[in-house]
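Okay, so here's the structure we're looking at.
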Amino acid sequence: MMVTQRSSDEWDRPAPVAGSYAFVVGDDPEDPGSLLEVSMGPQHPSTHGVFRMDVVLDGETVVKLKPVFGYLHRNHEKIAENISYLGSMPYTDRLDYFCSLTNNWAYALAVEKLAGISVPERAEYLRVILSELTRLQNHVCLAGFLAQDMGASGTPLMYGFREREKILDLFESLTGARMMCNYMRFGGCRCDTPPGWLDEARAVVDSFPRFLHEFENLLSSNEILMSRTQGIGVLGKDLAVGAGITGPCLRAAGVDYDIRKVDGYGIYPRFQFRVPLGEHGDTYDRYMMRILEMHESLGILKQALDGIPEGPIIDPKAKLRGFRPKAGESYGRIEAPKGELGFYLISDGSPSPYRYRVRPPSLVNLTVLEDLCVGHNVADTVIILGSIDIVLGEVDR
Amino acid sequence: MLGSGIIKGLAETGRNFVGSYFDPERMTTVEYPEQRLAPKENTRQFPFLVFDGEAALAGLRCVACQICEKECPPQCIYIEKSREKKPDHLGKPQFHPAIFDIDISVCMSCQICVEVCPFDAIKMDTEFELSTSDRFGGLLMHKDLLARPNSHFLKVHPTDAGVIDARRAEERARLEAKARLDSEAKAKEAPPAA
């Protein structure tokens, strides 16, 4: 049977819409058609989720960049205002789904402040151990993904994932789930460690430096990585402070601000650790901050695993059902792997919060994306975005 | 020297490649489903209802108090109370669920229902291979599909189940002892009419 080929021109289509795909902007009167507007994403592997960048290009150079997000909006805050305080704990897991345990801690901290609940010693130690393990696995993934964005397709990421797997196994045997842990409760943690868990954790912590050394051999002095990242996406001190950037991105710009030191929440003042600081604020510094922070986290983990006492895991006065804190407001914040994660709660004495607000580090850090990217090549925007370390679950909520 | 960093990195890759044949530390891949990892005791997937004895629906521990239905964050549980009561393991008359449905396409495996249940009636299963081609009916679990014997609970979470069984046995023993004392006291109070 003969197939008659039809021309694709037969179809009557509308003219291209701005932002939907590449089209010519041509707003330079001297040279019409020289600028090209490209929509990167939302379904693009380099954008780490459903995120879109509206980029105006002059050749290869970025002239303008507009981040577009909201594709993953799940109404987290409004849902939390309609269910019990305990009920939003599993939803916080889904904010930054790499670091569910630090999200749990930030929320638990805010509620504990609101209701004036104390936390037993052993639970405090466990919280530190779990959040530092979370930091390790988050940073190791970030470094892997960053290398992936640069074109090192697979190898560093797989090495990172191999180590992350060990930490996720620890999470699973303690909390029951690998990523959506839902472990912390107001006034402590949900259950005590199974027998031998602390020894397993110690074995993972002890074997981690070897991996970190390997990973640094693989990447840190690699000339390709250095030339792709050094001097790219420089974030100045003033801009970083002015825009409210927190976490490793801020410290890469050389600002000494770590909430573990500033607030000393939990029992962090008891541990000896340094806060690594960058000098240039470029992508390489942001990468190195993560590597150095992992070394410090290992130090904290060793101290915490040695010092963890026996005892109750949850405050006996803490109520699971029928929890109604008295009217008031509180803000609990912690140093999550990505920056300052805060929960702002207003209670009117009812079983669900009157107002529930999340201060997500990813969203705030994302606001400087244009300042970092303008003037660089389009391929660099991908690396700069990767080095900011966003998770869209947290950006859109 | 330019390029030394790349060579150093390649040496690391080579070491990993060769090591993946000899070093158990580097042989991490498991060929699912032919090979499986040993399940962890605390693992949780979807809830099930515990029953005692032989008959699944008659022995359910659930008393249809509907606390889990209220507390469930994604609201995936639906319960309807029975009209009549029947005795539980302590002989106390209790309601039982006429309908107990869990929509596991909505369930997010958070374990809140397990924590708030005062009767140890709902627990988390470790079964995860539940895919089905029927996405409406196939994922809506009725109480006959949810019911599992206590022996299953003992198998998947031995520590938890052991603690709960011991507590229930103690409660029953205390009640029996009290009943015995009561009947003895009654026997003393009312001497046999002679």
Side-chain angles (χ1 to χ4, degrees), chain A residues 79-80 82-84 86-94 147 152 155-156 158-159 161-163 165-166 169-178 180-183 185 190-195 197 207 210-211 213-227 320-323 351, chain B residues 1-17 19-20 23 25-30 37-46 65 67-76 107-118 123-126 128 156-160 163:
Chain A
I79 289 175
N82 287 305
I83 56 176
S84 66
L86 175 67
S88 23
M89 186 60 94
Y91 283 120
T92 61
D93 288 340
R94 282 129 178 108
T155 308
M158 283 305 127
Y159 292 176
F161 264 51
R162 188 183 63 204
E163 296 312 304
E165 204 64 19
K166 294 178 188 165
D169 279 350
L170 282 180
F171 288 172
E172 190 185 359
S173 61
L174 175 59
T175 71
R178 293 154 53 80
M180 304 297 132
C181 295
N182 182 21
Y183 181 63
R185 291 288 173 266
R190 197 182 70 220
C191 55
D192 207 346
T193 53
W197 189 87
S207 71
R210 178 179 153 213
F211 158 75
H213 178 68
E214 254 182 45
F215 201 77
E216 281 222 67
N217 267 348
L218 182 70
L219 285 179
S220 291
S221 57
N222 186 312
E223 283 84 358
I224 302 173
L225 181 130
M226 285 155 116
S227 60
L320 201 59
R321 268 187 289 138
F323 178 73
Chain B
M1 190 190 80
L2 188 70
S4 62
I6 297 175
I7 291 167
K8 215 162 88 182
L10 277 176
E12 209 55 67
T13 321
R15 199 177 310 153
N16 266 282
F17 173 66
S20 69
D23 186 357
E25 272 258 298
R26 296 185 201 274
M27 292 188 284
T28 48
T29 310
V30 175
L37 294 169
K40 298 202 170 50
E41 200 188 318
N42 278 345
T43 305
R44 58 171 198 260
Q45 298 296 338
F46 293 109
C65 66
I67 290 173
C68 56
E69 190 187 18
K70 266 188 230 104
E71 292 282 337
C72 175
Q75 300 281 295
C76 70
C107 175
M108 60 182 190
S109 312
C110 65
Q111 213 181 0
I112 297 268
C113 53
V114 176
E115 280 168 66
V116 297
C117 181
K123 292 288 164 192
M124 291 312 253
D125 210 342
T126 50
F128 58 91
V156 292
H157 303 297
T159 320
D160 256 14
V163 170

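Just so it is clear, the model here is predicted, and its values are computed rather than measured. Proteins come first, then strands; the chains are lettered A, B, ... in the order of their sequence lines, and each starts at number 1.
B:Leu37 does not touch chain A: none of its heavy atoms, backbone or side chain, sits under 4.5 Å away. For A:Asp169, the parts lying near chain B are the backbone and the side chain together; criterion is any non-hydrogen pair under 4.5 Å. There is no contact between A:Phe215 and chain B, counting heavy-atom distances below 4.5 Å. Contact of B:Pro39 with chain A is not made at all, since no heavy-atom distance falls under 4.5 Å. With a 4.5 Å cut-off on non-hydrogen atoms, A:Arg190 touches chain B through its side chain but not through its backbone. With a 4.5 Å cut-off on non-hydrogen atoms, A:Ser84 touches chain B through its side chain but not through its backbone.
With contacts defined as side-chain heavy-atom distances shorter than 4.5 Å, the pair A:Tyr91/B:Cys110 does not qualify. At least one side-chain heavy atom of A:Glu223 sits under 4.5 Å from a side-chain heavy atom of B:Ser4. A:Pro90 places a side-chain heavy atom less than 4.5 Å from the side chain of B:Met108. Within the 4.5 Å cutoff, the side chain of A:Leu174 has no heavy atoms near those of the B:Lys40 side chain.
Expressed to the nearest 0.5 Å, how far OG of B:Ser109 lies from CE of A:Met180 amounts to 10.5 Å. Distance CD/B:Glu12 to CG/A:Leu218: 6.5 Å, rounded to 0.5 Å. Atom CG of A:Leu219 sits about 11.0 Å away from atom CD1 of B:Ile6, to the nearest 0.5 Å.
Chosen from B:Gln111, B:Lys70, B:Met124, B:Gln75, the residue pairing most often with chain A at heavy-atom distances under 4.5 Å is B:Gln111. Among the candidates A:Ser173, A:Pro156, A:Ser88, A:Gly87, the residue making the largest number of heavy-atom pairs closer than 4.5 Å to chain B is A:Ser173. With chain B as partner, the option from A:Leu225, A:Ile83, A:Leu86 having the largest number of non-hydrogen pairs under 4.5 angstrom is A:Leu86. Ranked by heavy-atom pairs under 4.5 Å with chain A, the list B:Leu10, B:Thr13, B:Thr159, B:Thr126 is led by B:Thr13.
A donor-acceptor contact closer than 3.5 angstrom links the side chains of A:Arg162 and B:Asn16. A side-chain donor-acceptor contact under 3.5 Å links A:Glu172 and B:Thr43.
Between B:Glu115 and A:Arg185, at least one side-chain nitrogen of the basic residue sits less than 4.0 Å from a carboxylate oxygen of the acidic one, meeting the salt-bridge criterion.
Side chain of B:Asn42 to main chain of A:Thr175: no donor-acceptor pair is present (N/O by atom type, distance under 3.5 Å, no hydrogens or angles).
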